[in-house]
Amino acid sequence: MAIELKMPALSPTMEEGTLAKWLVKEGDTVSSGDILAEIETDKATMEFEAVDEGTISKILIAEGTDNVKVGAVIALIAGEGEDASAAEAAPAPAPTPAPKPEAKAPTENVQIVPETPKRAEVSDPAIPEGTEMVPTTVREALRDAMAEEMRRDDRVFVMGEEVAEYQGAYKVTQGLLEEFGPRRVIDTPITEYGFAGIGAGAAMGGLRPVIEFMTFNFAMQAIDHIINSAAKTNYMSGGQMRCPVVFRGPNGAASRVGAQHSQNFGPWYANVPGLIVIAPYDSADAKGLLKAAIRTEDPVVFLENELVYGRTFDVPKLEDHVLPIGKARIMREGSDVTIVSYSIGVGVALEAAEKLAAEGIDAEVVDLRTLRPLDTATVLESLKKTNRMVVVEEGWPVCSIASEICAVAMEQGFDDLDAPVLRVTNEDVPLPYAANLEKLALVDSARVIAAVKKVTYKG
Amino acid sequence: MALIHQRERFSVLVKTPAAKPVRKPPAKASSKAPVLPEEGSNHPRPRNPERYEASQEELLHFYKEMLLIRRFEERAGQLYGLGLIGGFCHLYIGQEAVAVGLQSALEPGKDSVITGYRDHGHMLAYGIDPKIIMAELTGRGAGISRGKGGSMHMFSTEHKFYGGHGIVGAQVPLGAGLAFGHKYSEDGGVCMAYFGDGAANQGQVYESFNMAALWKLPIIFVIENNGYAMGTKVARSSAETEFYRRGDSFRIPGMQVNGMDVLEVRGAAEAALEYVRGGNGPLLMELKTYRYRGHSMSDPAKYRSREEVQNVKEKSDPIEAAKAELIKMGVSEDAMKAIDKEIRTIVSEAADFAETSPEPDPSELYTDVLVEQY
């Protein structure tokens with residue numbers, strides 16, 4: 001049995017190369033490890049080594065030959081005990097092509113449309129009549145969500161800087177240490193990269209970690225684990241390994257903390273398939289969605305807002321207030337224009353809507369709540385009703401959630417548009433420290449009102 | 001007329017630069033493994049490891065596992081050369097004794113393992129079917145990650161093998177997280193987190209050392225020191241080249257082990273596991289080893305001499321050493337030949353399977369992005 005020696009590929013991109021030199025001749029006996037030839041590519045010269053023992057029975061490609069295709073047979077070796085002279089060259093076979101499945105490969109189909117699985121019609125669970133509504137700060141609502149889930153499931157634990165003994169840098173984890181003890185409420189050193197990785201690893205091993213970042217600005221140190229370790233694991237493992245971790249903490253501008261501590265990372269994370277990104281506004285949503293985030297099998301980035309922590313909103317007093325992920329909420333019904341927003345921007349949008357109402361413009365306010373997956377159906381439905389849309393985002397304009405909503409409106413709601421969709425965002429600058437400049441850089445209701453007047457042609 | 005085999009046989013090695021004096025192979029560690037902290041310190045320290053006394057049957061088993069890894073990797077190199085394996089492909093040839101020796105000491109189903117992208121050997125050491133590993137390398141639907149992970153991203157949660165990670169050093173905090181889970185769940189398990197001498201310079205490794213020591217996590221940090229961080233020799237990339245000392249600042253004891261002797265590795269693993277299972281917190285093991293091939297398939301490895309590689313192959317090869325020991329124990333040459341044949345058959349079958357099984361169905365493009373539907 002003659003063994004074919006084929007032109008090797010030395011790199012993922014190599015298609016052909018030069019057979020620079022033969023270091024053996026026909027009739028030579030070779031053994032494993034012997035260098036047979038030198039092969040040159042534009043990048044390197046490499047040696048071609050024998051793996052099996054035998055006799056070089058035939059050299060088919062002469063040295064100095066350029067453009068030898070990868071996979072071409074360049075020589076034959078007769079194995080142990082074989083007659084070297086009996087070996088004959090067969091037509092050079094190409095590398096065995098991979099058998100293709102019957103269906104058309106996606107790469108051959110330019111018109112490919114993502115076949116996102118049809119989602120079941122979901123809506124917020126009905127709140128029974130007579131349910132007591134409890135005024136609660138967003139901060140308390142988040143804490144209550146964690147506490148309830150920790151009572152329900154021993155796999156849930158909270159880890160982060162100052163979450164335990166200090167009661168949370170922003171007091172979101174207040175009281176958790178007292179109730180659950182140091183096994184489940186864990187202070188970390190100031191090492192975001194490390195503890196984000198520990199959280200992701202613990203989730204891979206079967207626990208339900210809630211990893212608090214003091215703010216999401218510091219999560220940039222850890223973003224590799226959020227994206228490369230958490231978000232991609234399920235896909236890369238073919239569904240074998242999950243990573244049900246929640247990364248949570250305040251996001252966006254606080255108050256006069258300067259450029260490095262004031263940034264909205266919503267669009268960054270919402271760009272990544274494999275992640276769930278939630279950014280609630282009020283207390284009921286903060287609670288219901290954080291509980292859902294802790295329960296889901298997928299990794300979640302849960303973006304809070306420091307300026308909203310202290311605001312009080314009603315929370316229904318229910319045994320188990322869990323809300324659907326991926327579902328937007330109509331915060332205010334209206335017929336003249338749709339204002340889409342999320343997180344702190346919802347407050348700005350609602351304030352603008354009230355002022356607009358006084359001027360006779362009836363705005364509908366949509367809170368996206370989840371940034372990935374985006375509830376485009378609710379947005380488009382509202383657009384169908386109002387035919388005009390403004391997107392409000394406390395964040396930069398370029399490649400933003402607002403940009404994404406614009407694209408969705410144009411691709412899927414073009415016929416419903418009576419005016420271009422406008423974006424009202426922060427100014428495209430690092431956030432300045434000076435009080436007046438900071439104010440100038442951030443979204444406010446006046447800018448939303450101006451945009452609404454423009455799209456309703458009332459400006 | 002002779003039958004012509006479709007298979008080609010070759011591998012790619014380094015272009016020989018001008019002859020240089022042969023350097024001492026870095027893989028030659030002392031058989032008396034140094035252990036930190038030194039005796040006399042009041043910090044707990046693992047006992048001095050002893051070379052494992054294997055029965056003939058056990059050594060045969062280790063030999064077979066190492067040989068399977070060697071032959072599997074050689075074949076992977078061939079398939080890469082044929083264009084059947086794409087992208088990045090990091091071979092474990094030369095380092096076989098490390099995964100085989102260490103993993104043989106673990107308790108299956110209880111202890112967990114995580115490593116970087118040079119992960120084929122660790123999976124084979126678990127006895128995972130070579131067919132589905134090779135099929136993953138060729139990107140086929142029958143691959144262990146359904147063809148969606150590739151060489152660097154393979155997992156077997158059934159065996160508590162958590163990958164297969166492509167970012168240098170990322171597996172270290174992930175491993176600390178697995179160890180956190182063992183401690184949290186009180187399941188008695190230990191995590192073994194492998195990384196290389198290159199990854200040992202990543203910042204997140206030291207963040208993990210700190211927390212693992214602080215919280216006494218049951219983890220063994222395994223540094224596979226193969227002498228080169230990609231193409232950069234250890235001495236050119238590392239201020240402290242005695243990697244077993246890298247835990248000093250965190251009071252993590254370290255031991256240096258000859259990673260070219262499967263029985264020394266196994267013996268050291270036992271001492272390490274005993275220490276970590278005893279609730280003493282993490283331990284660092286430096287395994288002095290050597291990779292015969294380039295960092296990845298596209299690395300011509302011009303940063304070292306051919307003599308250096310040859311010298312290790314001739315003097316320190318873990319498989320040849322085990323073979324010699326088996327023969328000394330009375331295993332016949334014929335029996336060894338039969339094993340060789342058996343392994344070649346297994347690898348050939350794996351390669352055939354990986355070449356002929358179909359690519360993933362196009363519909364797989366959209367599956368496994370998320371677990372749940374929203």
Side-chain angles (χ1 to χ4, degrees), chain A residues 1-6 8-12 44-49 51-52 70-71 86-88 90 95-96 98-101 103 105-106 115 117 119 189 191 193-194 197-198 200-202 204-207 224 228-229 234-242 273-274 296-298 325-326 373, chain B residues 1-16 74 80-84 86-87 112 145-146 148-149 153 155 157 162-163 167 170 173-178 180-181 184 203-204 207-208 210-211 298 300 313 355-356 358-359 361-362 365-374:
Chain A
M1 287 192 296
I3 297 156
E4 294 183 341
L5 292 174
K6 289 180 189 166
L10 308 176
S11 73
T45 301
M46 295 178 112
E47 288 176 349
F48 181 59
E49 182 195 51
V51 169
D52 292 289
V70 166
E88 274 180 33
T96 322
K100 298 261 188 261
E115 295 162 12
R119 50 195 288 269
T191 55
Y193 198 3
I198 287 179
M204 289 168 180
L207 298 183
D224 177 54
N228 271 321
S229 301
N234 192 57
Y235 195 81
M236 291 195 306
S237 68
Q240 199 188 132
M241 196 165 94
R242 297 171 179 184
T296 185
E297 291 287 340
D298 293 303
I325 290 169
Chain B
M1 196 197 303
L3 268 175
I4 307 282
H5 252 211
Q6 289 284 316
R7 284 180 268 131
E8 44 57 271
R9 310 272 173 114
F10 66 78
S11 74
V12 176
L13 260 199
V14 199
K15 157 88 175 156
T16 315
E74 284 168 354
Y80 192 93
L82 281 177
L84 283 157
S112 56
S145 298
R146 297 161 95 171
K148 286 149 87 169
H153 308 121
F155 313 83
T157 48
Y162 293 93
I167 305 296
L174 293 173
L178 292 167
F180 179 90
Y184 188 92
Q204 61 178 323
E207 298 189 19
S208 309
N210 185 39
M211 284 180 275
S298 43
K313 280 186 185 176
E355 285 178 52
T356 54
E359 288 185 310
D361 190 88
L365 183 59
Y366 301 105
T367 57
D368 307 319
V369 178
L370 294 172
V371 179
E372 298 193 13
Q373 290 196 9
Y374 303 92

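Just so it is clear: chains get the letters A, B, ... in the order the sequence lines come, proteins before strands, and each one is counted from 1. Please read all numbers here as calculations on a predicted model, not as lab measurements.
The NZ atom of Lys148(B) lies 12.5 Å from the CD atom of Gln240(A); values are rounded to the nearest 0.5 Å. Annotation: the span from Asp368(B) atom CG to Arg242(A) atom CZ amounts to 9.5 Å, rounded to 0.5 Å. Residue Tyr162(B) holds its OH atom at 10.5 Å from CE of Met204(A), rounded to the nearest 0.5 Å. Here Thr296(A) contributes atom OG1 and Gln373(B) contributes atom CD; the two are 11.5 Å apart, rounded to the nearest 0.5 Å.
Heavy atoms closer than 4.5 Å to chain B are found in both the backbone and the side chain of Asp298(A). Ser112(B) does not touch chain A: none of its heavy atoms, backbone or side chain, sits under 4.5 Å away. For a residue to count as touching a neighbouring chain, one of its non-hydrogen atoms must lie under 4.5 Å from one of that chain's; by this rule Asp224(A) touches chain B with the side chain only. Looking at Leu178(B), the atoms closer than 4.5 Å to chain A (heavy atoms on both sides) sit in the backbone and in the side chain alike. For Pro273(A), the parts lying under 4.5 angstrom from a heavy atom of chain B are both the backbone and the side chain.
Between Gly181(B) and Leu207(A) the shortest heavy-atom distance is CA-CD1, 3.6 Å. The minimum heavy-atom distance between Leu174(B) and Ser229(A), with the atom names listed, is CD1-OG, 3.7 Å. Scanning both residues, Leu82(B) and Gly71(A), for their nearest heavy atoms gives CD2-CA, 4.4 Å. The shortest non-hydrogen separation linking Phe180(B) to Ala202(A) is CD2-CB, 4.2 Å. Of all non-hydrogen atoms in Ala176(B) and Ile198(A), the two that sit nearest each other are CB-CG1, 3.7 Å. The nearest pair of heavy atoms linking Gly194(A) to Glu207(B) is N-OE1, 2.5 Å.
No other option in Gly238(A), Ala200(A), Gly205(A) has as many heavy-atom pairs under 4.5 Å with chain B as Gly238(A).
Remark: the backbone N or O of Met236(A) is paired with a side-chain donor or acceptor of Ser145(B) at under 3.5 angstrom. Under the 3.5 Å distance criterion, the side-chain polar atoms of Tyr235(A) are matched with a main-chain donor or acceptor of Leu365(B). Side chain of Glu297(A) to main chain of Glu372(B): no donor-acceptor pair is present (N/O by atom type, distance under 3.5 Å, no hydrogens or angles).
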